[in-house]
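Report on one structure; see the data block that follows.
One-based numbering, in listed order, for ligands and for the atoms of each. Just the heavy atoms: all of them, side chains too, but no hydrogens, waters or symmetry mates, feed the values below.
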Amino acid sequence: MKASRRLDSIPVSGIRKMFDLARPDSINLGLGEPDLAPPREAVEGMARAAMEGRNRYGPTAGSPALREAVAEAFSRFGDLRPGNVMITPSGSSALMEIAQAFIDEGDEALVPDPGFVMYDPLARLAGGRPVGYRLDGGFQPDIEDIKSKMTDKTKIIVVNSPSNPTGGVLGEEAYGALCDIAADSGATIVSDEVYFCYVYEGRHRSFMSKLDRAVVVNSFSKMMAVTGWRLGFVCADEALMPDLVKMQYHMCASVNMPSEYGVLSALPGIDGYLEEARGIFRKRRDLISARIAEIKGMEMDPPKGAFYAFPSFDMDVTSVELAGELLKNGLVCTPGTAFGSRGEGHLRFSYAADEDKINAGMDILEATVKKIRRG
Ligand SMILES: Cc1ncc(COP(=O)(O)O)c(C=O)c1O
């Protein structure tokens with residue numbers, strides 16, 4: 001059977017492509033998932049729920065207890081009530097559901113370029129038209145570029161802070177300007193905040209306090225190092241909830257119930273866990289930043305958030321060629337163009353890997369870059 005024209009029109013994720021090409025002994029700085037153990041309470045809570053027989057369908061919007069716990073845990077970012085929260089089968093599905101629920105044929109979605117690999121395809125799969133917007137030198141959304149690309153068809157502006165792939169964290173000025181653009185235009189901000197807990201400089205600015213203008217996507221994947229559990233959530237105005245829940249019903253009927261109980265057990269004590277995780281990632285960020293700073297031909301300011309380094313390179317090769325050369329030498333990373341055409345001239349390294357792996361990866365990078373520059 002032939003794939004639909006919709007599916008045919010979008011490429012395979014550049015991240016997965018590199019991952020599939022990796023050798024078993026490669027140093028993998030390609031995939032973005034924490035290598036830490038999840039909170040013990042989460043694993044125990046999940047196992048207990050499964051053992052106690054909580055293995056059936058649940059309410060489509062998620063368990064009322066978890067919706068309430070999320071509203072409470074995130075109330076420092078906005079005046080959240082359980083009715084503003086829908087638990088989803090991952091941040092990825094939350095993005096898909098938002099696109100399917102709100103994008104009509106021909107609607108435009110402004111997406112960061114470079115930006116997370118799913119935004120552009122999800123807009124297309126919903127029949128919409130993704131329009132890439134630029135980031136400035138500090139990886140902030142380029143507000144003038146966004147303004148110049150707004151049309152009467154612009155329905156959604158996707159914002160991602162802390163950012164995958166750039167590690168950028170939204171500053172006060174850009175945050176305020178985005179709120180103004182949404183208020184003036186009637187477009188809705190879709191704010192992907194799945195890395196909210198990994199900010200090393202400045203602070204996280206959440207759109208959870210702006211639910212009259214924004215829908216927020218979050219996830220337990222990176223927060224609790226449970227990428228395999230597939231659980232996330234959406235925060236939205238209560239008026240949007242019936243549409244989101246209707247969409248979710250047709251996508252999955254309900255979410256993974258044992259996972260819900262797991263994260264419910266860990267959520268009250270999550271701040272201590274995250275403090276420790278942030279400390280570990282901060283050290284790795286400092287390490288990878290220092291290593292990259294020593295390599296002639298590569299340039300990067302230390303990333304402010306998430307766990308990605310997105311250095312630029314000054315060599316006469318494309319990012320795909322450079323990533324391919326690194327792969328041959330035993331290092332998996334992601335070419336910048338996997339995140340949009342403006343990612344050219346960059347590579348993305350995930351530093352959700354231990355210090356030995358980061359050092360081994362940077363040794364390969366240093367040697368490869370030296371060789372290419374020598375010609
Ligand atoms: C920016 C961003 N948003 C959303 C997701 C989706 O996360 P998940 O589907 O595991 O919740 C990811 C995963 O890498 C991501 O990097």
What are the atoms of ligand 1, with element, lying closer than 4.0 Å to any heavy atom of Arg230? 8 (P), 9 (O), 10 (O)

Shortest protein heavy-atom distance from atom 6 (C) of ligand 1, along with the residue and atom involved: Ser92 OG, 3.4 Å

Would Thr227 count as a contact of ligand 1 if the rule is a heavy atom under 4.0 Å away? no

Value rounded to 0.5 Å, distance of OG1 in Thr88 from CE in Met96: 13.0 Å

Please name all residues satisfying salt bridge (charged side-chain N to carboxylate O under 4.0 Å, His left out) with Glu105, sequence neighbours left out, ordered by chain then number. none

Decide if the gap between the ring center of Tyr308 and the ring center of Tyr195 is smaller than 6.0 angstrom. yes

As an exercise, identify every atom of ligand 1 less than 4.0 angstrom from a heavy atom of Asp192. 1 (C), 2 (C), 3 (N), 4 (C)

For residues Phe233 and Phe220, establish whether the separation of their ring centroids is below 6.0 Å. yes

So if I count the atoms of ligand 1 from 1 in the order they appear, which ones are less than 4.0 Å from some heavy atom of Ser90? 9 (O), 11 (O)

Could you list which atoms of ligand 1 come closer than 4.0 Å to a heavy atom of Val194? 2 (C), 3 (N), 4 (C), 15 (C)

Phe339-Phe116 aromatic ring centre distance below 6.0 Å: no

Identify, for atom 14 (O) of ligand 1, the protein heavy atom at the shortest distance, and state residue, atom and that distance. Lys222 NZ, 2.7 Å

With respect to Tyr195, determine whether any N or O atom, backbone or side chain, lies less than 3.5 Å from an N or O atom of ligand 1. yes

Is any side-chain heavy atom of Met298 closer than 4.5 Å to a side-chain heavy atom of Met315? yes

Does some non-hydrogen atom of Glu33 fall short of 4.0 Å from ligand 1? no

Nearest 0.5 Å, what's the CZ-OG distance between Arg291 and Ser289? 12.0 Å

Are there more than 12 heavy atoms of other residues, nucleotides or ligands under 6.0 Å from atom CZ of Arg76? yes

Aromatic contact, Phe196 with Phe74 (centres under 6.0 Å): yes

Report, in ascending order of atom number, the atoms of ligand 1 lying under 4.0 Å from any heavy atom of Tyr119. 1 (C)

Where is the nearest protein heavy atom to atom 10 (O) of ligand 1: which residue, which atom, and how far? Ser221 OG, 2.6 Å

Scan for side-chain hydrogen bond (donor to acceptor under 3.5 Å, both in side chains) pairs involving residues 239-262, sequence neighbours excluded, and state none if there are none. Arg54-Tyr261, Asn256-Ser259

Decide whether an N or O pair under 3.5 Å exists between Asn164 and ligand 1. yes

Heavy atom of the protein closest to atom 12 (C) of ligand 1 (residue, atom name, distance): Phe116 CZ, 3.4 Å

Looking only at distances, can you tell me whether any N or O atom of Gly91, backbone or side chain, sits closer than 3.5 Å to an N or O atom of ligand 1? yes

Hey, does Trp229 sit under 4.0 Å from ligand 1 if you only count heavy atoms? no

Which atoms of ligand 1 are found less than 4.0 Å from any heavy atom of Ser219? 8 (P), 11 (O)

